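What follows is a set of notes on a single structure, which appears directly below.
Order of listing sets the numbers, starting from 1, for every ligand and every atom in it. Note that this is a predicted model, so its numbers are computed, not measured.
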Amino acid sequence: MSESTAVKVDHQRFFVVDFGSQYAQLIARRVRELGCFAEIVMPHDLAARIDDATGVIFSGSPWSAYDDEAPKIEAEVYDHGVPILGICYGMQLTTHLLGGEVDHAVAREYGPARIEVIGDDTRLFEGLEGELDVWMSHGDRVEALPEGFMAIARTPSAPYAAVRHTSKPIYGVQFHPEVTHTPRGTAMLKNFLFGVCGATGDWTMRSFIEEACEKIRAQVGETDHVICGLSGGVDSTVAAILIHKAIGDRLTCIFVDNGLLRKGEAEEVQTRFRDDYHIPLIFADSKDQFLDALEGVIDPEEKRKRIGHIFVDVFKHHAQEVENAHWLAQGTLYPDVIESQSAFGGKSATIKTHHNVGGLPEELGFELLEPFRDLFKDEVRKIGRELGVSEHFVERQPFPGPGLGVRIAGEVTRENVAVLQEADAIIREEIEREGDHKGLWQYFGVLAPVKTVGVMGDERTYENVIAVRAVESIDAMTADWADLPRRVLARLSNRIINEVRGVNRVVYDISTKPPSTIEWE
Ligand code: XMP
């Protein structure tokens with residue numbers, strides 16, 4: 001794989017040390033929302049990098065600090081002078097490493113609690129009430145503080161709900177300020193960042209855009225060309241606009257129409273890029289190639305493989321048309337980077353083969369240009385808005401690479417694609433009509449490979465079933481089916497059955513992930 005060419009930014013940096021917590025990314029996002037650049041760092045990397053940090057936050061962990069195999073850090077970081085905030089395990093580890101005592105709590109504390117702020121150093125609780133609701137989630141607790149530490153908040157059952165060092169800028173909280181169940185948690189994090197660490201809040205999307213453009217120009221040089229594969233989604237579109245802003249028409253986008261797009265999508269991409277953004281676009285109409293290759297294929301993995309292979313072939317063919325192209329731009333996001341580096345988690349089993357352009361850089365000898373390697377999705381959306389992308393587009397739902405191919409259970413035929421495109425367009429239209437899509441992660445139609453009996457007028461019908469899938473999710477790792485209003489379901493069902501030829505039944509998918517997945521294939 002060609003060496004990563006992340007666009008780095010020169011800002012204050014705050015490290016979130018990930019001890020394997022489900023909340024490490026959430027902490028980093030909270031810090032970024034407060035205008036401070038947060039980076040997730042593995043425990044074993046902290047000591048070597050600590051000079052770069054303006055402040056450090058230790059995450060929670062499923063481990064116990066006193067376990068031999070538990071992730072640890074080198075105790076010298078406590079003498080460095082950089083402010084540290086330990087959250088839950090982060091506080092217990094600090095206690096354990098500095099000579100205090102951590103043990104199993106007699107009763108696990110999980111859920112809401114109310115802390116009372118005590119002591120004279122109120123910097124963490126500056127401007128807040130003397131009693132605060134917080135969210136606890138721990139099985140261990142601090143039994144005795146190390147020398148030099150004192151309690152700054154307590155609950156009736158936890159004498160050390162929050163602690164600090166008397167002379168060093170080291171703080172610890174037993175509860176989770178990063179979750180929304182701690183209503184004043186963001187204010188506490190803000191107090192730590194700005195009050196204790198001296199943050200300046202210098203992480204803004206506007207400054208990111210300026211610096212990213214400079215860095216893209218420096219990376220790509222004066223003459224090289226860049227190719228960007230468009231998926232039609234937010235990340236690759238915003239990446240293309242940003243790169244175009246940096247190097248102008250030395251960027252060429254390639255969009256592959258695989259015949260599995262949503263209704264109107266192919267035309268929309270062309271209009272947007274050619275007429276609105278004026279970015280050079282190669283539009284590869286490869287519908288027949290994909291649909292022919294899918295004839296008779298039922299197995300979901302086989303479908304994904306065929307779609308993936310043809311995509312690579314088509315993309316390669318068109319990429320070779322672009323002279324002097326040495327760079328391939330991708331909309332890789334920070335969570336993808338963290339997931340591949342995480343020592344304590346990340347994806348292990350391949351549930352579904354995701355279709356992307358992963359193999360292309362080596363095959364074509366491209367360097368990778370990944371301007372969003374350091375960003376979360378909501379930051380890419382903000383950049384999109386700054387760059388003038390419409391709100392409707394910026395907020396659009398994710399769409400899988402293999403498109404409707406994984407939403408037609410069973411064989412993909414031209415007829416099935418046409419039926420699903422119509423039904424899916426109605427589903428989207430009706431859910432969006434009164435804003436019911438807000439808060440949904442995805443909402444779409446699926447064509448089930450069964451026919452059922454119906455009656456229209458005096459006629460018996462024997463036609464397709466459309467399933468409506470609408471889910472709420474934070475990161476697609478887990479998802480819950482959405483409780484859509486009855487009037488919306490009634491309207492879309494009525495419209496689909498009346499307007500889409502070949503459908504006589506609409507069902508609503510009420511499965512959570514896990515154990516189901518969001519897509520049907
Ligand atoms: P599942 O179905 O695994 O999907 O619960 C999780 C999220 O990933 C999206 N998805 C894909 N995205 N290429 C993509 O770019 C793919 O092959 C692919 N398969 C699933 C899915 O839409 C959901 O948001």
CD1 (Ile510) with more than 12 external heavy atoms under 6.0 Å: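 Not buried by this count: 12 neighbours or fewer within 6.0 Å.
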
Nitrogen or oxygen atoms of Ile518 and ligand 1 under 3.5 Å apart: yes

Salt bridge (Lys or Arg N to Asp or Glu O under 4.0 Å) contacts in which one or both residues fall within residues 497-510, not counting sequence neighbours: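 Salt bridge (Lys or Arg N to Asp or Glu O under 4.0 Å) check on residues 497-510 returns Arg469-Asp509, Arg495-Glu499.
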
Inter- and intrachain pairs under salt bridge (Lys or Arg N to Asp or Glu O under 4.0 Å), touching residues 401-418, at least two apart: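 Output for this query lists Asp288-Arg414, Asp292-Arg414, Arg407-Glu519.
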
State the atoms of ligand 1, each with its element, that fall below the 4.0 Å cut-off from a heavy-atom position in [X].
{"X": "Thr517", "result": "1 (P), 2 (O), 5 (O)"}
{"X": "Pro402", "result": "13 (N), 16 (C), 17 (O)"}
{"X": "Ala476", "result": "6 (C), 7 (C)"}
{"X": "Gly401", "result": "13 (N), 14 (C), 15 (O), 16 (C)"}

Winner among Glu519, Lys513, Arg407, Arg469 once heavy atoms are compared against atom 21 (C) of ligand 1: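 Of the listed residues, Glu519 has the closest heavy atom.
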
Heavy-atom donor-acceptor pair, Ser473 side chain to Trp441 backbone, under 3.5 Å: no

Donor-acceptor under 3.5 Å (Glu178 side chain, Gly185 main chain): no

Arg304 to ligand 1, any heavy atom closer than 4.0 Å: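 Yes, Arg304 has a heavy atom closer than 4.0 Å to ligand 1.
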
Contact check, Trp441 vs ligand 1, heavy-atom distance below 4.0 Å: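 Trp441: in contact with ligand 1 (<4.0 Å).
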
Cation-aromatic face contact Arg32/Tyr334, 6.0 Å, 45 degrees: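 Arg32 over Tyr334 ring: yes.
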
